[in-house]
Amino acid sequence: MAKKIRRWILPLLFLTPLFIMIGLAWVSPLALTVYLGFTDLSIRNFLAFIQDFFTDKVSLTLDNFRRIFTAEDPNIPLTLKVTVLYVVSVLAINAFYALVLSLAIAFFVRNEVLSMILRITWLLPRITPGIIYALMWIWFIDPRNGLLNDMLRLMGVPEDLLPDSWLLRTPYSQLLMIMINGYVGASFGMIVYTAAIKSIPTDLINASYVDGANEFQAARRVIIPLLKWPMLFVTAWQTLSLLSSYEYILMVWGAGSGQGYGIARSAGVMVWSLYSYSKAFAEYLYGYASALSLILVIIGIVLIVLYFKIFGFRRMMEPSKVEV
Amino acid sequence: MVRVTLDNISKFFGKVRAVVDLNLEIDDGEFVAFLGPSGCGKTTTLLMVAGIYRPSRGRILFDNEDVTDLPPKDRNIGMVFQSYALYPHMSVYDNIAFPLKLKKEPQREIDKKVREIARLLRIDELLDRKPAQLSGGQKQRVALGRALVKEPDVLLLDEPLSNLDAQLRILMRAEIKRLQKELRITTIYVTHDQVEAMTMADRIAVMNKGRLQQYADPQTLYNKPANIFVASFIGSPPMNLIEGELEAPDDNSVFFVSSGIKLKLPNVPPNVAKDGQREVVLGVRPEDLQMVGPGDADKEETLEGSIYVVEPLGKEFLINVQVGDHVLKMLVPADGMPEAGQRIRIRPNFSKIHLFDKKSQKALL
Ligand SMILES: Nc1ncnc2c1ncn2[C@@H]1O[C@H](COP(=O)(O)OP(=O)(O)O)[C@@H](O)[C@H]1O
Ligand SMILES: [Mg+2]
């Protein structure tokens, strides 16, 4: 018995910081979110609420969820639609396009210099401070002084297809939202995929050539199937981070003014997490914002379970992800 | 089936000269082994034949067709990689069927050929398994099946047995040889194991540091090694090599002299000794040395030494004899028990000795 305990002491010791971190950064906020989601906490009853915190005096209510699910809040349907558009499109760039990109960089392009240049262009937004990145986009898309419209004109895009404002005209603003987030997010998948591609033994690829494959067949029949695990990882990771990331939208479209929504709502780029943020920090409806966040957390968990189901959980837990 | 000609090919990786000016012809249906220590350029040469690497210089011909610039898929080759390189995400069946699927052969044809080759290699029970569920020997057969299923003109094998245990290796050695003779596919077999090369190949190309050392049948390689490298690489236990000088005191006798050794070489023509003196390396295989009694031979044609250590090998003894400053290995029949320290007299079989020029390393006889 004592032996058993002793065997556990060291691992526990090493894991303690991790558990503390998880507790502080994950479990307690989640618990708080769950709790607050069932209350009507706002700036108006804030002080009273603090005193009654976790006592019977706080009235628990399903009001927040009723407002969300019955669309009593008129912003909900649009927010939902924009969120789906946002997550699906940016995910397509970050998980799928990044794969194509990585194949190009790590497999098709033999020239190391060219490959390096490609890599760096996609890493730039990741290493640029977020606010600078956002500012550069704002300048870039400015209809009068920015380069974007001029570039498109040069490429032969007809004048009447160019918007007078990329920020405000709806399909354009949403396209912009996808581009901004896709460009900065693709590097994550790119790094994971290129590392995985490089770790595929050369023999395996050479074998496919000897067996009669050309480069595209080698990529499709050998390389991509071997990237199943990295693909799931990137997809799952990016889904979660996209569901909860609104910082670039916030920086470009703002959240403050405009009755607390910035211009994000009228520009059609109000995603769920940003809406929750606006409710909390522009309208100070903490309870309602928590309810919104809670729904996001649940959606995230459901999606992860779904991914694991699709890709096969058991096989994923096996050792050696890029098998030899 | 084709005749493969390597016409002065070289391969450089930056500053690394992996293969230098290699000339070789492999006849239709022949089984040729590339033999050499690791890093000598065997795999590189094989990958050039396969079309994975393009030679830095020179041409490769299949029969009379120049294939130097053809991609692998247009060469109709089969290859077994040292790592087997089975596709981990495909079943054994799909692994073997892969080359046929790429050729867009009809499904029924594919199925027939896969099952046929699986039966030939006795892996028909394993067709549904994934490579991870196979033993080394089974993987090896699957790799062989994948290489053979498309009926290649040339079969390339890169150290196919090096990952197997000793027993299985001997078994597969015979099997691959039989298969090759049966199918009569022109085959290049890469190995660093001289026993493998000697037992299997029709001809052996011995390579070292990217250069061809000798290209001959096993018997010639053994009996007439062209240089010191081949002499030392072929044969187990290895040939005794002693550095020394040739002296020709008069017109009809030649002596080999080294520290503590003076041996008359009756079979060597005096002109080999050049101006009466020449730096050479004398080579004698352990089995070409024998013990002689005191009066049995001309004393000048024998060496005297003391037994250093005896290694019993079962049917023979491998005796290490200290002669002068040298330790020579000799193989003797296992009768009696020679003892360490015992003084003995040994005589080489002079018709089987080798002499190499020390500077050029080339054979003199
Ligand atoms: N792709 C490569 N890039 C650089 N050097 C290489 C490459 N492939 C092989 N070499 C070098 O060429 C030499 C021959 O290698 P290889 O043909 O693999 O030897 P072997 O198969 O006889 O062991 C080695 O020195 C090796 O380091
Ligand atoms: Mg090799």
Side-chain angles (χ1 to χ4, degrees), chain A residues 99 102-103 106-113 115-116 193 195-235 310-324, chain B residues 14 43-44 46-54 70-91 94-105 130-133 139 142-159 163:
Chain A
L99 178 66
S102 309
L103 281 172
F107 181 60
F108 289 113
V109 177
R110 293 288 146 74
N111 187 324
E112 281 296 323
V113 178
S115 163
M116 182 67 86
Y193 292 145
I197 292 172
K198 293 270 180 204
S199 73
I200 295 175
T202 333
D203 271 2
L204 223 48
I205 295 163
N206 284 346
S208 73
Y209 291 149
V210 170
D211 285 343
N214 58 33
E215 287 195 345
F216 286 97
Q217 287 166 323
R220 197 172 72 81
R221 308 278 218 124
V222 177
I223 296 177
I224 293 180
L226 289 177
L227 298 181
K228 205 169 121 179
W229 162 263
M231 276 158 72
L232 169 62
F233 173 66
V234 170
T235 308
I310 292 171
F311 281 84
F313 178 78
R314 198 106 58 76
R315 257 168 297 150
M316 266 182 19
M317 290 297 119
E318 282 168 9
S320 158
K321 301 315 180 217
V322 176
E323 306 139 274
V324 181
Chain B
T43 300
T44 305
L46 212 59
L47 290 176
M48 284 194 282
V49 176
I52 305 285
Y53 290 158
R54 202 188 172 288
L70 284 188
K73 68 185 173 66
D74 298 331
R75 296 193 185 195
N76 197 26
I77 34 169
M79 180 159 175
V80 175
F81 291 78
Q82 185 169 359
S83 60
Y84 308 138
L86 299 179
Y87 308 119
H89 56 291
M90 296 184 199
S91 66
D94 289 331
N95 263 283
I96 299 177
F98 189 62
L100 302 177
K101 282 184 185 157
L102 289 172
K103 272 201 206 166
K104 303 231 164 18
E105 292 205 10
K130 287 278 176 69
Q133 301 165 302
K139 279 185 197 167
V142 176
L144 205 55
R146 188 178 63 184
L148 289 172
V149 75
K150 58 177 174 176
E151 295 155 32
D153 289 332
V154 185
L155 179 62
L156 308 174
L157 306 166
D158 191 357
E159 312 218 9
N163 293 331

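These numbers come from a predicted model, not from an experiment. Note on naming: letters A, B, ... go to the chains in the order of the sequence lines (proteins, then strands), and numbering restarts at 1 for each one.
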Only pairs of heavy atoms separated by less than 4.5 Å count here; which of A/I205, A/N206, A/T202 has the most with chain B? A/N206
B/K150 versus chain A, heavy atoms under 4.5 Å apart: side chain, backbone, both or neither? side chain
Which portion of B/I52 sits near chain A, non-hydrogen atoms under 4.5 angstrom: side chain
Heavy-atom closest pair (A/A106 atom, A/I197 atom, distance to 0.1 Å) is CB-CG2, 3.9 Å
Give a yes or no answer on whether the side chain of B/R146 reaches the backbone of A/D211 with a donor-acceptor pair at less than 3.5 Å. no
Considering non-hydrogen atoms only, spot the tightest contact between A/R221 and B/H89 and give its length. O-NE2, 2.8 Å
Identify which part of B/K130 has an atom lying under 4.5 Å from any heavy atom of chain A, answering side chain, backbone, both or neither. neither
In terms of heavy-atom contacts, A/S208 and A/A218 come closest through OG-CB, 3.4 Å
